[in-house]
Amino acid sequence: MGVIQVRDVPEETERTLKTRAEREGKSLAAYVRDLLNEEASVPTLDEVMTKIAADEPVPYDPDFVRETMREGRR
């Protein structure tokens with residue numbers, strides 16, 4: 001496990017986070033760790049766009065699209 005130390009956190013922010021942690025029955029460290037894990041689990045827009053750009057293009061056939069739409073309406 002890594003260690004992250006954050007300095008210069010405003011007192012109001014620290015108080016708010018401590019209060020929220022207490023409401024959830026967690027230590028401040030556990031609460032902040034959960035926040036960081038949640039943030040890291042969601043890809044950024046740039047990460048999503050990079051993945052899309054790396055994917056193989058999908059061939060587009062207008063006749064296939066029309067036929068698929070017609071079949072879906074039946």
Side-chain angles (χ1 to χ4, degrees):
M1 291 261 180
V3 175
I4 297 175
Q5 184 177 30
V6 180
R7 293 190 174 117
D8 301 323
V9 176
E11 288 181 25
E12 180 62 28
T13 299
E14 183 182 7
R15 278 195 300 273
T16 299
L17 293 174
K18 280 183 179 179
T19 301
R20 291 177 183 173
E22 288 172 5
R23 279 193 213 132
E24 292 191 21
K26 298 179 182 178
S27 66
L28 179 58
Y31 184 78
V32 172
R33 184 175 43 250
D34 289 348
L35 289 176
L36 291 171
N37 287 334
E38 184 177 331
E39 176 64 25
S41 71
V42 179
T44 65
L45 180 57
D46 285 341
E47 291 167 341
V48 171
M49 296 306 290
T50 298
K51 182 179 181 329
I52 290 171
D55 287 346
E56 289 292 319
V58 176
Y60 172 74
D61 177 6
D63 293 330
F64 175 77
V65 173
R66 283 188 207 95
E67 183 62 29
T68 302
M69 290 176 67
R70 272 194 292 267
E71 289 175 5
R73 292 184 182 145
R74 292 181 189 171

Tell me the side-chain hydrogen bond (donor to acceptor under 3.5 Å, both in side chains) pairs involving residues 51-62, sequence neighbours left out? none
Taking only residues two or more places apart in sequence, or in another chain, which ones meet E47 in a salt bridge (Lys or Arg N to Asp or Glu O under 4.0 Å)? none
The reported gap from OG1 in T13 to CG in D8 (rounded to nearest 0.5 angstrom) is 11.5 Å
If you round to the nearest 0.5 Å, how far is OG1 of T19 from CD of E14? 10.0 Å
Once you round to the nearest 0.5 Å, how far does CZ of R15 lie from CZ of R20? 13.0 Å
Other than V58, what residues sit in its cluster of Ile, Leu, Val, Met, Phe, Trp and Tyr side chains whose heavy atoms are under 4.5 Å apart, directly or through others? none
In chain order, what residues pass the salt bridge (Lys or Arg N to Asp or Glu O under 4.0 Å) check against K26, with sequence neighbours excluded? E24, D34
With R23 via side-chain hydrogen bond (donor to acceptor under 3.5 Å, both in side chains) - residues at least two apart: none
Does R7 form a side chain to side chain contact (heavy atoms under 4.5 Å, CB included) with Q5? I'd like the steps, not just the answer. CA-CA 7 Å; R7 293 190 174 117; Q5 184 177 30; 3.4 Å; yes
So, for S27 and A21, which heavy atoms are closest and what is the spacing to 0.1 Å? O-CB, 3.7 Å
Which ILVMFWY residues are connected to V6, directly or by a chain of links, through side-chain heavy atoms under 4.5 Å apart? I4, V9, L17, L28, Y31, V32, L35, L36
